[in-house]
K.L.:
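After the C-alpha cells below, expect a handful of questions from me.
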Amino acid sequence: MTPRHRIHRGLLTGLAVLAVSAFALTSCASAEQGGAADGADDGVVVGFSGYTLTNPYFAGLITGLENGAEAHGFTLLQTNSNGDNNTQASDIQNLVSQGADYIVVSPADASAIVPAVEQAAESGATVVAISDTIESDAVTFTVAMDHVRIGEQSAQGIVDFLTEKYGEPKGKVVEMQGIAGSAAGADRTRGFENVIGEYPGIEVVATADGGFDTDKTFQALSTILQAHPDVDAVMNANDSEAQGATKAIEAAGLFVPVGEDGHIFVTGNDAPAPAVADIRANRQDMIVASHPIRLAERVMDGIADLESGEDVSGFIEWPGMVFTPANIDSDDVAEYGIWADDLDS
C-alpha cells in the first residue's frame, strides 16, 4: 500500500459515516469485518462503479472482480447507477469517501464521467477503466476489448455472407448502434463503417440506436422492417440487441434459420447464454465473444501488480474470439472459454 493511499484514507474517514447513509454499497472479502469501512485500514479497498446490472455481461464483470478480490485479499465495494450519469458521478464520490484506494469504472457515458474520475484521482484514488475507455489522464490503466476491431469483425462477417449469397459484396444492411454516449458503442460503429465503407454495393438502409437493449432493438427494428422487409443483414452492437433483432425478424414473419435461403444475417457481441444458445440453434450467425469474468480478474491482477510496485499503465487489450455455429463446440472455443457457462457453474 502506498503512502498516498494511507493519507487519502485518513483524510476521508470522517466522510464515510455520511456516505453510508446516502448510498447502499455491498462488499465482498470483508463481510466478517462488519462492512467495508470497518475493513478499510486492514488492506486494499477497491470500489467498482458500474452502470447496469440488467445486461448479463456486467454480472460477469462483477463475478470476475469478486474472484480477484478474494484471490488478492482486497475489499470490494460495489455500486450501480442504473444508467444515470449523475448517479454514477455521485457513486464515484461516495466510493472515495468510503476510503477506496482504487476506483474501477465501467462508464455509462465515457465523456460525462470524466470530471468525476478526475476528482477521484485528485483525492488520491487510483482510477481504472474496465471494459470501456475513458479519455482522461486521470485513468491509470484500462482493460477492455478493442471495440473498433469488434465492429470491423462483425462487418466482415456481413461482407462474407453477402459475397457468398450474391457472388459479390452487395445487399441491404441495417445497423443497430450501441447506447448513445458509450465509447464502446461509438467505436463499434466506427469499425463497422471502416469495413462497409469499402464496398459501394452494400447499402446501409437504416441506422438506429439499439441502446445495448433487447426491447429497444426489437421496437426499432420492427419499424425498420416494415419499410425494408428485403434486408439481408443486421449489425448489432451487442448480443442483447441481437436477441431483439432476431425476435423482430420472427415477429415480421421473416425468420429463416442460418444456412437456409432467405436467412437474414445477425451479428452480436459479448456471448451471454441466450446468444450462445441461438448460435447453437442456428438462429444467430456470429458473436464477437468476450470473457468478462477473466477480463475483470485481469483488472484485479493489475491492481495487485501496482501494489507490488510494478508499472501498469495505458490500454491493455482483452482478446476477443468469433463464435459461429460452425465452431461453437470446437476445442478452440472451449479453450477461450464460454463465460456464461462459468457464471452458471
Side-chain angles (χ1 to χ4, degrees), residues 26-31 44 46-80 102-108 128-133 141-147 149-150 153 178 182 184 188 212 237-243 268-280 286-306 312 315-323 327-345:
T26 60
S27 170
C28 73
S30 65
V44 175
V46 178
F48 172 58
S49 171
Y51 75 88
T52 184
L53 292 176
T54 59
N55 187 322
Y57 176 88
F58 293 90
L61 285 183
I62 289 171
T63 296
L65 292 172
E66 291 174 342
N67 290 348
E70 182 176 3
H72 296 294
F74 300 159
T75 295
L76 176 65
L77 313 178
Q78 301 178 33
T79 65
N80 170 34
Y102 296 87
I103 309 291
V104 178
V105 182
S106 174
V128 177
I130 184 171
S131 194
D132 208 343
T133 54
F141 71 90
T142 300
V143 182
M145 294 177 69
D146 182 338
H147 296 291
R149 176 64 177 150
I150 288 170
Q153 289 175 296
S182 163
R188 292 173 196 181
F212 290 146
N238 74 349
D239 280 315
S240 293
E241 291 188 0
Q243 291 287 296
N269 166 244
D270 288 344
V276 172
D278 273 2
I279 288 284
R280 288 195 167 114
M286 70 176 291
I287 300 169
V288 183
S290 181
H291 202 305
I293 297 175
R294 294 178 184 170
L295 186 155
E297 290 172 347
R298 176 66 183 87
V299 167
M300 297 302 247
D301 290 343
I303 290 172
D305 289 342
L306 285 174
V312 183
F315 182 81
I316 300 170
E317 182 178 349
W318 186 261
M321 182 177 185
V322 174
F323 292 178
N327 76 353
I328 189 62
D329 293 316
S330 68
D331 291 341
D332 288 341
V333 168
E335 182 177 356
Y336 181 84
I338 299 176
W339 64 267
D341 294 344
D342 295 340
L343 194 63
D344 294 335
S345 62

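Just so it is clear, the model here is predicted, and its values are computed rather than measured.
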K.L.:
To the nearest 0.5 Å, tell me how far D305 CG sits from F141 CZ.
P.N.:
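These two atoms lie 8.0 Å from each other.
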
K.L.:
Do M145 and V288 have side chains that get closer than 4.5 Å, going by heavy atoms?
P.N.:
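Yes. Closest side-chain heavy atoms under 4.5 Å.
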
K.L.:
Donor-acceptor pairs under 3.5 Å, side chain of residues 295-302 to any protein atom, not counting sequence neighbours: which ones?
P.N.:
from	atom 1	to	atom 2	distance (Å)
E297	OE2	N67	ND2	3.0
D301	OD1	H72	NE2	2.8

K.L.:
Taking salt bridge (Lys or Arg N to Asp or Glu O under 4.0 Å) as the test, write out the residues that go with D278, two or more places apart.
P.N.:
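Counting only residues at least two positions away or on another chain, D278 forms a salt bridge (Lys or Arg N to Asp or Glu O under 4.0 Å) with R283.
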
K.L.:
Taking the side chain as everything from C-beta on, heavy atoms only, tell me whether L53 gets closer than 4.5 Å to I62.
P.N.:
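Counting from C-beta outward, L53 and I62 do come under 4.5 Å.
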
K.L.:
List in chain and number order the residues that pass side chain to side chain donor-acceptor pair (under 3.5 Å) with S131, two or more places apart in sequence or in another chain; answer none if no residue qualifies.
P.N.:
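Checked S131 against side chain to side chain donor-acceptor pair (under 3.5 Å); matches are Y57.
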
K.L.:
Return the set of residues passing side chain to side chain donor-acceptor pair (under 3.5 Å) with T52 (not counting sequence neighbours), or none when no residue passes.
P.N.:
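Side chain to side chain donor-acceptor pair (under 3.5 Å) list for T52, sorted by chain: T54.
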
K.L.:
To the nearest 0.5 Å, what is the distance between CZ (R188) and CG (D146)?
P.N.:
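CG of D146 is found 10.5 Å from CZ of R188.
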
K.L.:
Kindly compute the distance separating CD (E317) from NE2 (H147), expressed to the nearest 0.5 Å.
P.N.:
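Here the rounded value is 9.5 Å.
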
K.L.:
Counting distance only, does the side-chain N/O of N238 pair as donor-acceptor with the main-chain N or O of N269 below 3.5 Å?
P.N.:
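Pair absent, no side-chain N/O of N238 close to backbone of N269.
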
K.L.:
Taking all heavy atoms of A69 and all of L76, pick out the closest pair and write down the distance.
P.N.:
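Reported closest heavy-atom pair: CB-CB, 4.0 Å.
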
K.L.:
Who pairs with A59 by side-chain contact (heavy atoms from CB on, under 4.5 Å), at least two apart in sequence or on another chain?
P.N.:
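Counting only residues at least two positions away or on another chain, A59 forms a side-chain contact (heavy atoms from CB on, under 4.5 Å) with L343.
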
K.L.:
Test of understanding: with side-chain contact (heavy atoms from CB on, under 4.5 Å), list the residues that count as partners of A271, not counting sequence neighbours.
P.N.:
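Testing A271 for side-chain contact (heavy atoms from CB on, under 4.5 Å), a comparison that skips the adjacent residues, returns V276, I287, A289, F323, W339.
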
K.L.:
CD1 of I279 to CG of D329: how many Å apart, nearest 0.5 Å?
P.N.:
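With rounding to 0.5 Å, CD1 (I279) is 11.0 Å from CG (D329).
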
K.L.:
Please name all residues satisfying ring-ring contact (aromatic ring centres under 6.0 Å, His included) with F58, sequence neighbours left out, ordered by chain then number.
P.N.:
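F58: ring-ring contact (aromatic ring centres under 6.0 Å, His included) contacts with Y51.
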
K.L.:
Which atom pair, heavy atoms only, marks the closest approach of F315 to A144?
P.N.:
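The answer is CZ-O, 3.5 Å.
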
K.L.:
CD1/I328 to CE/M286 distance, rounded to the nearest 0.5 angstrom?
P.N.:
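Separation between the atoms: 12.0 Å.
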
K.L.:
Kindly write out the residues that satisfy side chain to side chain donor-acceptor pair (under 3.5 Å) with S330, not counting sequence neighbours, or none if the list is empty.
P.N.:
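Partners of S330 by the side chain to side chain donor-acceptor pair (under 3.5 Å) criterion come out as none, since no residue qualifies.
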
K.L.:
Could you pull out the closest heavy-atom pair between A340 and A273, with the gap in Å?
P.N.:
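In terms of heavy atoms, the two residues are closest at CB-N, 3.4 Å.
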
K.L.:
How would you list, by chain and number, every residue that makes a ring-ring contact (aromatic ring centres under 6.0 Å, His included) with F48, sequence neighbours excluded?
P.N.:
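Not a single residue meets the ring-ring contact (aromatic ring centres under 6.0 Å, His included) criterion with F48.
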
K.L.:
Starting from the C-alpha separation in whole Å, work towards a yes-or-no answer on side chain to side chain contact (heavy atoms under 4.5 Å, CB included) for V104 and I303.
P.N.:
CA-CA 10 Å; V104 178; I303 290 172; 4.0 Å; yes

K.L.:
Shortest non-hydrogen contact from R294 to E335?
P.N.:
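Where R294 meets E335 most closely, the heavy atoms are NH1-O, 3.7 Å.
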
K.L.:
Under the rule for side chain to side chain donor-acceptor pair (under 3.5 Å), what residues qualify as partners of D132, not counting sequence neighbours?
P.N.:
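Checked D132 against side chain to side chain donor-acceptor pair (under 3.5 Å); zero matches.
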
K.L.:
Does the side chain of L65 reach to within under 4.5 Å of the side chain of I130, using non-hydrogen atoms?
P.N.:
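The answer is yes, as the side chains (C-beta and beyond) meet within the 4.5 Å cut-off.
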
K.L.:
Does any part of the side chain of T79, heavy atoms only, come nearer than 4.5 Å to the side chain of L77, both counted from C-beta?
P.N.:
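No - every pair of side-chain heavy atoms lies 4.5 Å or more apart.
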
K.L.:
Compare every heavy atom of N327 with every heavy atom of V322, then report the nearest pair and how far apart it is.
P.N.:
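Where V322 meets N327 most closely, the heavy atoms are O-ND2, 2.9 Å.
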
K.L.:
Donor-acceptor pair, distance only, cut-off 3.5 Å: does the side chain of Y336 make one with the backbone of P319?
P.N.:
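The answer is yes, because a donor-acceptor pair under 3.5 Å joins these two groups.
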
K.L.:
Quick check: do H291 and M321 have side-chain heavy atoms less than 4.5 Å from each other?
P.N.:
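No; the side chains remain at least 4.5 Å from each other.
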
K.L.:
Please report the shortest heavy-atom distance between G268 and D239, naming the atom on each side.
P.N.:
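For G268 versus D239, the nearest heavy atoms are CA-OD1, 3.1 Å.
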
